Amino acid sequence: MDDDRPDVLLTGLLFYDLVLTGLGKPPTPGEEIWTAGMGCGPGGIANLAVAASRFGLRTSLATVFGDDFYGEYCRDVLRDQEDIDLSLSRTAEGRPTAVTVALAHGTDRALVTHGQEPPYSQDALMGDPPEARTALVHLEAEPRAWLAKAAANGTRVYADVGWDPTQQWSTDLLDQLSLCHAFLPNETEAMAYTRTDSARAALGALSELVPVAVVTRGGDGATAVDQTTGEYAEVPALDVDVLDATGAGDVFGASFVAASLGGWPLHERLRFAVLAAGLSVQRHGGALAAPGWYGVDRWWRSLADPELRKAYGFLADRLPADVGPPVRHAPVTPPARHH
Ligand SMILES: Nc1ncnc2c1ncn2[C@@H]1O[C@H](COP(=O)(O)OP(=O)(O)OP(=O)(O)O)[C@@H](O)[C@H]1O
Ligand SMILES: [Mg+2]
């Protein structure tokens, strides 16, 4: 096997996210609100790429950068700060980067996005995809040609899926699981695609279709079956105050891949992914909220709860000796003091 293979191959749409918090009240046309907080950084597919790279995975990203300030900024952050291989990525000349402004109010967010369909498709970017140890993909109704090629060249495909805005939840999508090693939907998606009415039943149905089936359950944690080893695992979520749940599913997926590449038992893989995702929801934004080894190590060192110390005891053997420098989180303006 070629040792220079990327650990993770990724492709998808890139966004520049600008998250405004502390609005005080919902925005009204004709009015100006001075917000108390702001976080910004790369989003979309960058969420997976940064989460993976911060666990030391050799991460190769095929995406399209706009030909503007935002594209240049995202490229610099991903390549120089986060050490992500962008050799399969391109810049779309004369085109803007998709920009999303998120207005966070209460527990909800209003999103406004400006962007265009990129001039290069996933298949155009990937061509004959390089052999990688894994690929982490978002399945879509229309299968992408590169996915079958990647599966055929020995790349292990870990697949997630998103909310279906048409609400049809076409079961044809599940045909693509024949190309996949693992599938990690959330419970709403899992139940909708399998036509079942509980996370457990959905997991059972999915485990017939793919070697490793995982169902994530938000604040209720995650559950999984690995048919290759005969393991079943069910773990609770981290008990945290959620600041911004953006990208929790992405951090979960990237962390599950990192732990899987380490060959860990299923309950450790699941615990680890739940931990990393739980740490990320305490930060603003997507990509830059990922904890990496540094964040996991810090959590482990400060952990007092004896039950959690026992449940996560495996980390003592798994954490690398050098967890690297502190990860950079989204530049955030701290909330203003009230006078
Ligand atoms: N409220 C929460 N408290 C603690 N952990 C959470 C919370 N919400 C999500 N997580 C963590 O993130 C993981 C993925 O979340 P969830 O099941 O909501 O996926 P998702 O809906 O695909 O997320 P996304 O909205 O990012 O697509 C959960 O398994 C859990 O570990
Ligand atoms: Mg999801």
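No experiment lies behind these values; they were computed from the predicted model shown. These numbers come from the heavy atoms of this one structure, side chains and all, not from hydrogens, waters or symmetry mates.
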In this structure, would [X] and [Y] fall into the same cluster of hydrophobic residues linked by side-chain contacts under 4.5 Å?
X	Y	value
Val99	Leu20	yes
Leu86	Phe15	no
Val8	Val212	yes
Val50	Phe65	yes
Val323	Leu279	yes

Other residues, nucleotides, ligands: >12 heavy atoms within 6.0 Å of [X] [atom1]:
X	atom1	value
Gln227	CD	yes
Arg283	CZ	no
Glu117	CD	no

- Pairs touching residues 300-316 that satisfy side chain to side chain donor-acceptor pair (under 3.5 Å), sequence neighbours left out: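 Those involving residues 300-316 are Asp297-Arg301.
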- Message: For a quick check under 3.5 Å, do Thr59 and Ser53 share a side-chain donor-acceptor pair by atom type?
- Response: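 Ser53 and Thr59 do not have a side-chain donor-acceptor pair below 3.5 Å.
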- Just checking, is any N or O donor in the side chain of Thr155 or Asn153 under 3.5 Å from an acceptor N or O on the other one?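 Result is yes, a qualifying pair exists.
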When you measure from the side chain of [X] to the backbone N and O of [Y], does any donor-acceptor pair fall under 3.5 Å?
X	Y	value
Ser280	Ala290	no
Glu189	Asn186	yes
Ser170	Asp172	yes
Gln282	Asp241	no

What I'd like to find out is whether the side chain of [X] reaches to under 4.5 Å of the side chain of [Y], using heavy atoms alone.
X	Y	value
Val327	His329	yes
Val296	Leu315	yes
Pro291	Arg54	no
Val64	Leu125	yes
Asp160	Phe252	no
Gln81	Leu288	yes
Gln122	Glu140	yes
Thr97	Tyr73	no

What heavy-atom pair brings [X] and [Y] nearest, and what distance separates the two atoms?
X	Y	answer
Ala92	Tyr120	CA-CE1, 4.3 Å
Arg95	Pro119	NH2-CB, 3.5 Å
Gly162	His138	N-ND1, 4.2 Å
Leu111	Arg109	CD2-NH2, 3.9 Å
Cys74	Tyr16	SG-CD1, 4.0 Å
Tyr158	Ser260	OH-CB, 3.2 Å

- Task: Would you please name every residue forming a salt bridge (charged side-chain N to carboxylate O under 4.0 Å, His left out) with Arg133, sequence neighbours left out?
- Result: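 With sequence neighbours excluded, Arg133 shows a salt bridge (charged side-chain N to carboxylate O under 4.0 Å, His left out) to Asp7, given in chain and number order.
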Please tabulate, for side-chain N and O atoms in residues 24-45, each donor-acceptor pair with protein atoms closer than 3.5 Å (sequence neighbours left out).
residue, atom, partner, partner atom, Å
Lys25, NZ, Glu31, OE1, 2.6

[atom1] of [X] to [atom2] of [Y]: how many Å apart, nearest 0.5 Å?
X	Y	atom1	atom2	value
Arg298	Leu303	CZ	CG	13.5 Å
Arg200	Asp197	CZ	CG	13.0 Å
Leu10	Leu48	CG	CG	5.5 Å
Leu57	Asp83	CG	CG	11.5 Å

- Please test Phe256 against Leu136 for side chain to side chain contact (heavy atoms under 4.5 Å, CB included), starting from the C-alpha separation and ending with a verdict. CA-CA 10 Å; Phe256 189 79; Leu136 190 42; over 6 Å; no
- Message: Can you list everything that forms a side chain to side chain contact (heavy atoms under 4.5 Å, CB included) with Asp67? Sequence neighbours excluded, please.
- Response: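 Per chain and number, Asp67 pairs via side chain to side chain contact (heavy atoms under 4.5 Å, CB included) with Thr91, Glu93.
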Check residues 267-277 and write down every donor-acceptor pair under 3.5 Å in which the side-chain atom is one partner and the other belongs to a residue at least two apart or another chain.
residue, atom, partner, partner atom, Å
Glu268, OE1, Arg318, NE, 2.9
Glu268, OE1, Arg318, NH2, 2.9
Arg269, NE, Trp264, O, 2.8
Arg269, NH1, Asp226, OD2, 3.4
Arg269, NH2, Asp226, OD2, 2.9
Arg269, NH2, Glu231, OE1, 3.4

- Message: For a side-chain hydrogen bond (donor to acceptor under 3.5 Å, both in side chains) check, start with the C-alpha distance between Ser121 and Asp123, then their side-chain angles and the critical distance, and finish with the verdict.
- Response: CA-CA 5 Å; Ser121 67; Asp123 286 324; 5.2 Å; no
- Item | Worked check of salt bridge (Lys or Arg N to Asp or Glu O under 4.0 Å) between Glu187 and Arg217 | CA-CA 6 Å; Glu187 63 182 335; Arg217 310 186 55 217; 3.1 Å; yes
- Item | Apart from Leu179 itself, residues in the same hydrophobic cluster as defined by side-chain heavy atoms under 4.5 Å |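 When side chains under 4.5 Å apart are linked, the cluster holding Leu179 also contains Leu9, Leu88, Met126, Val137, Leu139, Trp146, Leu147, Val157, Val161, Trp163, Trp169, Leu173, Leu174, Leu177, Phe183, Tyr193, Leu203, Leu206, Leu209, Val210, Val215, Val225, Tyr232.
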- Message: If the threshold is 4.0 Å, N to carboxylate O, is there a salt bridge linking Asp85 and Arg58?
- Response: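 Between Arg58 and Asp85 there is no salt bridge, as every charged N stays at least 4.0 Å from the carboxylate O atoms.
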- Task: Decide yes or no on salt bridge (Lys or Arg N to Asp or Glu O under 4.0 Å) for Glu82 and Arg328, but give the supporting numbers first.
- Result: CA-CA 9 Å; Glu82 302 296 338; Arg328 299 230 205 133; over 6 Å; no
